[in-house]
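See structure below.
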Amino acid sequence: MFNALLGLLAIAPMPAQDFAKPITYETRAVPVERVIDDLSRLSGQSLKAATAARGEVLVISVKGAPLGDLMKQIATVTSCEWKPDSGSYWLTPSVSARNREESTEASFRAGAIRDAIGKRTKELEALVGSAKPGQTAQPIPPEERAITELLEGVRTDDLASLDAGARMVFSSQPTRMQRPMGSNATQILTRFVKDHNAALVGTEAEYQKQLNRPELQQLPDFVKTMIERQRKPIGSIGKVLLVASRLPFVPSVQLQLRVYDSQGALAFSHPSFLSIQSVMAMANTILGKPGANAPKGTPVQYSDETKQLQAVLRGMMNPGGANYKLAVKPALLDSLEHPERVDPLSFAPSDELLSLAKAKGLPLVADVPDSEVSMTVIAGQRSDKTVEQVESAIRAAQNEKFVDATGWVDVMPSNPVESRAARADRGALRTLIAASLAKGVPSLDDIAAYAQRAPAPSDGGIGSVYAVLLVPGVMSSNLGNIVSWDMLRLYGSFGIEQKHTLVGGGRIRFQNLSPAQRALVSKMVFGPTAPIVVDRGQKPDEIQIPYLNAMMGGGTDYLDEPTESMPNGLSPGGSLSLSTDTEPFAYPVTDDGTPVIASAAELGPEELGAFKMFRDDPKYQMISSLLPTFERVKVGSRTLMKFKFALAPSVSMMEQLNDCSLPKGAPVVSMDDLPADFQARINQEEEKVKKSPLGALGPMLGGAPKPP
């Protein structure tokens with residue numbers, strides 16, 4: 001038995017008893033290198049983890065398991081193998097196993113895209129055939145039919161390669177930065193224009209009646225413009241684009257059909273989506289069906305610290321009152337502040353896996369992905385979750401999957417390649433948290449250093465939890481805008497001379513950036529939420545919300561589309577410049593010294609102006625009821641670093657990063673006694689927000705109840 005096992009482990013022959021030694025070992029989530037060190041001490045064998053294998057996070061529960069068997073399971077769930085070298089056995093990534101995983105995940109993504117397109121096609125066919133004898137078939141929106149048929153003609157592998165934060169453009173006349181539509185695109189688009197124009201005949205009176213409804217009058221201008229375009233006949237077509245993108249937290253592919261006329265003006269745009277995963281099904285799996293009774297089965301034994309963390313994050317999903325306080329016991333706070341010592345996966349994921357092992361009475365080895373911990377996952381966990389539900393979720397391969405291992409419970413990430421790429425560096429996270437604790441708010445340099453070694457918190461995972469709870473300024477750069485992680489990485493890559501040039505008012509040409517820096521700029525410019533600005537001699541909105549524009553916009557003409565205004569990619573003659581401004585910000589404090597939740601710990605005039613608008617206007621009553629109330633604050637200062645990327649004539653991109661400073665010993669003041677200049681800026685920002693897309697959309701999210 002052990003000779004065969006040694007072959008599987010790919011290690012040199014040794015006395016069998018060295019690997020037969022029984023091991024009893026249990027641990028919550030810890031890095032694989034710590035597990036290997038513990039096993040080396042317990043077994044007397046010299047076991048090591050290669051640098052390339054580190055970063056995997058394991059949960060283990062074994063009683064009297066042979067060392068060799070345990071080593072095999074660890075290698076399996078980490079996609080590694082054991083190799084002898086210099087008297088030690090090294091856990092090293094298996095090239096063949098990881099190549100297979102890459103191929104499998106690529107095939108799975110392509111299959112998911114094919115299934116999603118097939119579903120759209122079947123729904124289209126069902127509508128066509130839904131009419132009973134003597135009746136007219138249910139009308140099909142021409143734009144949805146066109147999008148479905150165009151999707152059938154594009155390369156599935158292209159769409160499958162879209163990662164979160166990526167974007168690609170299919171075109172009837174592709175530039176170098178675009179991809180071709182299918183061979184039958186001309187026929188599809190010709191029929192679309194004919195059907196679209198025919199559908200408008202005789203509908204103008206009813207449309208004008210609908211347009212006068214109060215809720216439509218409150219729509220932002222760019223949404224009204226989109227609706228107006230959809231109501232106009234399309235004349236001669238110059239070019240048609242199908243834009244596909246993936247936004248963080250959104251499991252679907254966002255789509256936009258754009259039709260440009262012969263002069264390059266945007267004549268028609270329509271947003272749609274390709275559903276890859278049902279958000280509701282995912283939520284029901286985590287939360288249980290709405291209104292369901294307590295599940296029957298073996299309850300998961302959650303630790304006290306897990307229960308506290310769940311309670312805090314659930315409270316944040318229903319903010320208000322004093323819920324901006326981080327009201328946790330000192331032991332949990334200490335654990336959260338030291339992710340390098342108490343792994344973020346050592347809370348609920350460890351509780352659930354260890355409860356599963358106990359219920360089954362089997363040894364367990366699990367490599368846990370960071371996706372098992374995020375704001376939405378923790379806030380949505382049921383306190384009465386059962387072992388049976390845990391097992392069912394793993395068998396459904398949501399974040400984790402079982403590995404076939406007789407007599408063992410082996411668990412690994414359902415998408416191991418993606419999981420490894422999304423793993424956050426615990427040491428870097430600890431460094432960022434320490435900077436935040438020492439300074440009150442971290443500096444821009446602190447956050448940029450973390451960005452080099454971890455995925456964006458806006459993508460989910462452990463970063464979202466720790467950023468919201470402990471590190472101000474990591475999630476958003478200003479009202480409505482998620483901080484650009486790529487901009488942080490670009491800033492963090494600047495050398496002293498480059499920073500000197502920018503701060504001194506100079507420009508850095510793209511041709512003088514390093515290849516890695518140019519790649520980051522290109523990723524931002526051609527990404528789904530690029531804040532592209534076109535100078536048409538008009539003053540742009542003072543508050544921009546790129547995510548809304550990405551989902552529903554389209555701009556005015558081809559200049560708003562980066563693959564058109566920059567058809568060959570970034571111009572070497574493009575440049576980057578910097579302008580700065582300073583403003584105060586409020587840092588809420590509590591009378592009892594309870595820490596403040598980080599997401600509410602850095603409030604500038606723009607954020608406070610929005611809060612003031614929501615509270616002052618009755619039509620925002622539902623929103624204002626969800627806002628926390630701050631009584632006392634310290635006042636800090638933040639430098640607004642506004643980066644301008646000159647991309648093409650009259651075309652630029654704007655990105656903003658904030659560098660915050662909270663003076664030690666800053667006095668505590670009430671919100672009513674803020675400095676006069678701070679209060680004046682809040683009032684100014686309130687007026688800006690009222691005129692912004694956020695101000696226009698606000699009443700649609702829930703206003704005051706109608707009077708009796």
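Being a predicted model, the structure only gives us computed values, none of them experimental.
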Partners passing side chain to side chain contact (heavy atoms under 4.5 Å, CB included) against A405 (at least two apart in sequence or in another chain) | Q73, W408, D410
Sorted by chain and residue number, the side chain to side chain contact (heavy atoms under 4.5 Å, CB included) partners of F108 (sequence neighbours excluded) come out as none
Find the distance between CD1 (I433) and CG (L437) and round it off to the nearest 0.5 Å.
-> 7.5 Å
Lys/Arg-Asp/Glu bridge criterion (N-O < 4.0 Å) met for D69, K72 = no
Does A434 offer a backbone N or O that forms a donor-acceptor pair with the side chain of E337 under 3.5 Å?
-> no
Under the side-chain hydrogen bond (donor to acceptor under 3.5 Å, both in side chains) test, residues paired with S86 that sit two or more places apart | none
List for me each residue that meets side chain to side chain contact (heavy atoms under 4.5 Å, CB included) alongside S443, sequence neighbours excluded, and say none if there are none.
-> K439, D445, D446, D659
Which residue pairs pass the salt bridge (Lys or Arg N to Asp or Glu O under 4.0 Å) test when at least one of the two sits in residues 99-116, sequence neighbours left out?
-> E101-R420
Give the table of side-chain donor-acceptor pairs shorter than 3.5 Å for residues 50-63, with sequence neighbours excluded, one pair per line with atom names and distance.
unit_1: R54; atom_1: NE; unit_2: A49; atom_2: O; d: 3.2
unit_1: R54; atom_1: NH2; unit_2: A49; atom_2: O; d: 3.4
unit_1: S61; atom_1: OG; unit_2: E26; atom_2: OE1; d: 3.0

Other residues, nucleotides, ligands: >12 heavy atoms within 6.0 Å of F402 CZ | yes
To the nearest 0.5 Å, atom CD1 of I447 lies from atom CG of L657 at 9.0 Å
Taking salt bridge (Lys or Arg N to Asp or Glu O under 4.0 Å) as the test, write out the residues that go with R426, two or more places apart.
-> D343, D370
Using modelled atom types only, decide if a donor and an acceptor are shared between the side chain of S414 and the backbone of K401 within a distance under 3.5 Å.
-> no
Applying side-chain hydrogen bond (donor to acceptor under 3.5 Å, both in side chains), name anything that partners E340, two or more places apart in sequence or on another chain.
-> H338
Mind checking what makes salt bridge (Lys or Arg N to Asp or Glu O under 4.0 Å) contact with D404, not counting sequence neighbours?
-> none
Sorted by chain and number, sequence neighbours left out, salt bridge (Lys or Arg N to Asp or Glu O under 4.0 Å) with E391 holds for K360, R395
Using side-chain hydrogen bond (donor to acceptor under 3.5 Å, both in side chains) as the criterion, list what pairs up with S392, not counting sequence neighbours.
-> none
Output all residues satisfying side chain to side chain contact (heavy atoms under 4.5 Å, CB included) with D38, sequence neighbours left out; order by chain, then residue number.
-> Y25, R34, R41
Can you tell me how far the CG atom of L159 sits from the CE atom of M168, to the nearest 0.5 Å?
-> 6.5 Å
Check whether any side-chain N or O of R98 sits under 3.5 Å from a backbone N or O of S79 as a donor-acceptor pair, and report yes or no.
-> yes
First locate atom NZ of K83, then atom OG1 of T92, and finally report the distance between them rounded to the nearest 0.5 Å.
-> 6.0 Å
Just by distance, do the side chain of S419 and the backbone of N415 share a donor-acceptor pair under 3.5 Å?
-> no
One should read off an interatomic distance between E400 CD and D367 CG, to the nearest 0.5 angstrom, of 9.0 Å
